[in-house]
Number of protein chains: 2
Amino acid sequence: MPRTLDRTDLIDLALGAAFLGTGGGGDPYVGRLMVQQCLDEGLSVTLVDPDELDDDAFVIPTAMMGAPTVLVEKIPSGEEAIHSLHTLERHLGRKATATMPIEIGGINSTIPLVVGARLGLPVVDADGMGRAFPQLEMETFGVYGIPAAPLVVSNEYGESAIIRSDDNRTVEWLARGVTIRMGGCAYIAEYAMSGADVKRTAIPRTLSLAIRIGRCLREAKAEHRNPIAALLALLPETLYSYGRVIFTGKIVDLVRETRNGFSLGRMRIAGNDGHDGAMDIEIQNENLIARVDGRVRAIVPDLICVMDTETAEPIPTEQLRYGQRVTVVAVSVPAMMRTPEALAVFGPKAFGLDEPFTPIETLEPA
Amino acid sequence: MPRTLDRTDLIDLALGAAFLGTGGGGDPYVGRLMVQQCLDEGLSVTLVDPDELDDDAFVIPTAMMGAPTVLVEKIPSGEEAIHSLHTLERHLGRKATATMPIEIGGINSTIPLVVGARLGLPVVDADGMGRAFPQLEMETFGVYGIPAAPLVVSNEYGESAIIRSDDNRTVEWLARGVTIRMGGCAYIAEYAMSGADVKRTAIPRTLSLAIRIGRCLREAKAEHRNPIAALLALLPETLYSYGRVIFTGKIVDLVRETRNGFSLGRMRIAGNDGHDGAMDIEIQNENLIARVDGRVRAIVPDLICVMDTETAEPIPTEQLRYGQRVTVVAVSVPAMMRTPEALAVFGPKAFGLDEPFTPIETLEPA
């Protein structure tokens, strides 16, 4: 049954998507306000389960592309992604019957909700990353055979580029070049696919999962239970079946810069509460790898979520600050994100890391 | 009457286009070989006079985009520009009835000949710059109201981007970004227009003019006459009615780099043969301004052609060398390139030069 989202769902979604986004995907607060504006105007957001999609449905995912650090200072109107979707429809000569997130992180879990609300299209409750990743080819869509191209990238002036290449990495490379020249932040429509392909290649029910995670954190906090403990207890019921706290401490060093269209950086967390030494986390939009004394404690594509120890709120990369007291949670990703094909596209090597992928379940606790 | 080109025409065209290109537009030798290959295969190149075009003809200009310094090491097959033209035809839902150069400099005077020969399309004997310029918005097409977009940029892998913007400078900016990510050199189709618009906005008969200039230089040399004097005597019969030698000497300093997709640089020529002091010429793909002791001796958009004093061959920017003995010739451009609208787009200010445009006829001789 399709489900319409209310205001509380949006608050929970922003919180849960910030968690699943592992630091990336843009400020979820901005995204939430954009959808809320739609509800204020009397529009509605309808989620549709992937299993309920017709096999010949035509789904065009929509998203923000660029550095989340830029997005904070260049708030979108929502029309940018709609322009991309319409341009792709015209290019393909076919109207979309639904839109979908390409990643379930920060603003990119809400951009399709704005598009869906404004165009009266349902939003598929699924995505192509099961988290956030910094590059467009890092999609289960692509891993399992869907071409990213043709991709449309648009800006706030209605200017656009339609990118065509058989190589999803080249699509990323060229679209990123255009995004940089559009000011470091732009809006895309790509990976157009049938309902049958959604069922085959998307990570299912991640929008509703994000809402569940957000609600779990919110309710535990309201009831004075430990939100992080409540969240870890929830995970075994989901495709993200294993999670644990891998470190707690205080950010004592933080380097971050916006370069080549990405937010790059690293942080050092000095341990407390029984966590000796210091944890180092490397960032490319998202948190990629966590090490203690050079030994891996969690590694991409498993989730590495840096949460505020006091508020239990996930902290997006661009909001990290020196002196923050944080709790680092690592979570296993769904099995279809850990296959050899998937790891070849978004495993550690794709990020230039030397360490092999090792599931969080089998790594030694910090 | 349409005219077909023979081998000698191609040799003359390459020479004349190098002259009109004022240092830019890419190596004319490479371009000539590409067209000659077409003739070797039994294909033919047909020039059509703009006045003979039907008003409702549909003309899609084709060109190389990028740094000529890159082109030298990355020779095109000719299919790249054809791919761009076909992609633009599909995007617009209309077949081209002719192609045309966007500039009459170096390789960009011959790319449309390759496209025309391979597709059996006539090539309009006209162009949009009347010389070479480094940026796409610097077209009389655009000055007189033709939009550059949609523009298609393609590479040797058949990868492409279709750029859309109402602002021709933005089209240039975005297409340049894609070109850089394609390796610094790519192939475009843009400024699609009717035959009526060609007649209204193009600089007429510049391909046949380039052939005339090349023939004039070649014949004078064969007959042991002074080729540069012969050329200056030819100009009054053309739209480029005034020319003179503004300096002779030896290149004693040369700085050149490929940056942001352009060939940038400057040279200093120590004078001889009655030319005292030194001439400084600034380059952005093309020669932009010539000064002696800080005083302007020729300025864009008038032509500044650096020629080898011994061979009377025009020297493309990327072939300049320390120690070359050179003769600098300045030439007036057609009146439609000197209007206020034209100077606003490709006058000195567009290149960040402080000096106002002053016609070469009215500047003091060096």
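Residue numbering restarts at 1 for every chain, and letters A, B, ... go by the order of the sequence lines.
The 12-atom threshold is exceeded at NZ of K74(B), counting heavy atoms of other residues, nucleotides or ligands nearer than 6.0 Å. Within 6.0 Å of atom CZ in R266(B), 12 or fewer heavy atoms from other residues, nucleotides or ligands are found, so the atom counts as exposed in its surroundings. The neighbour count for R169(B) CZ, taken as heavy atoms of other residues, nucleotides or ligands under 6.0 Å away, does not exceed 12.
The contact between I180(B) and chain A is made entirely by side chain atoms (from C-beta outward), counting heavy-atom distances below 4.5 Å. Looking at R90(B), there are no atoms closer than 4.5 Å to chain A (heavy atoms on both sides), in backbone or side chain. The parts of S160(B) that come within reach of chain A are both its backbone and its side chain, each placing non-hydrogen atoms under 4.5 angstrom from that chain.
Of the listed residues (V171(B), T170(B), I163(B)), just one forms a side-chain contact (heavy atoms from CB on, under 4.5 Å) with E159(A), and that residue is T170(B).
Looking only at distances, a side-chain donor or acceptor of R181(A) sits under 3.5 Å from a matching main-chain atom of W173(B).
Summarising the geometry, atom OG1 belonging to T179(B) is positioned 9.5 Å from atom CG belonging to L174(A); distances are rounded to the nearest 0.5 Å.
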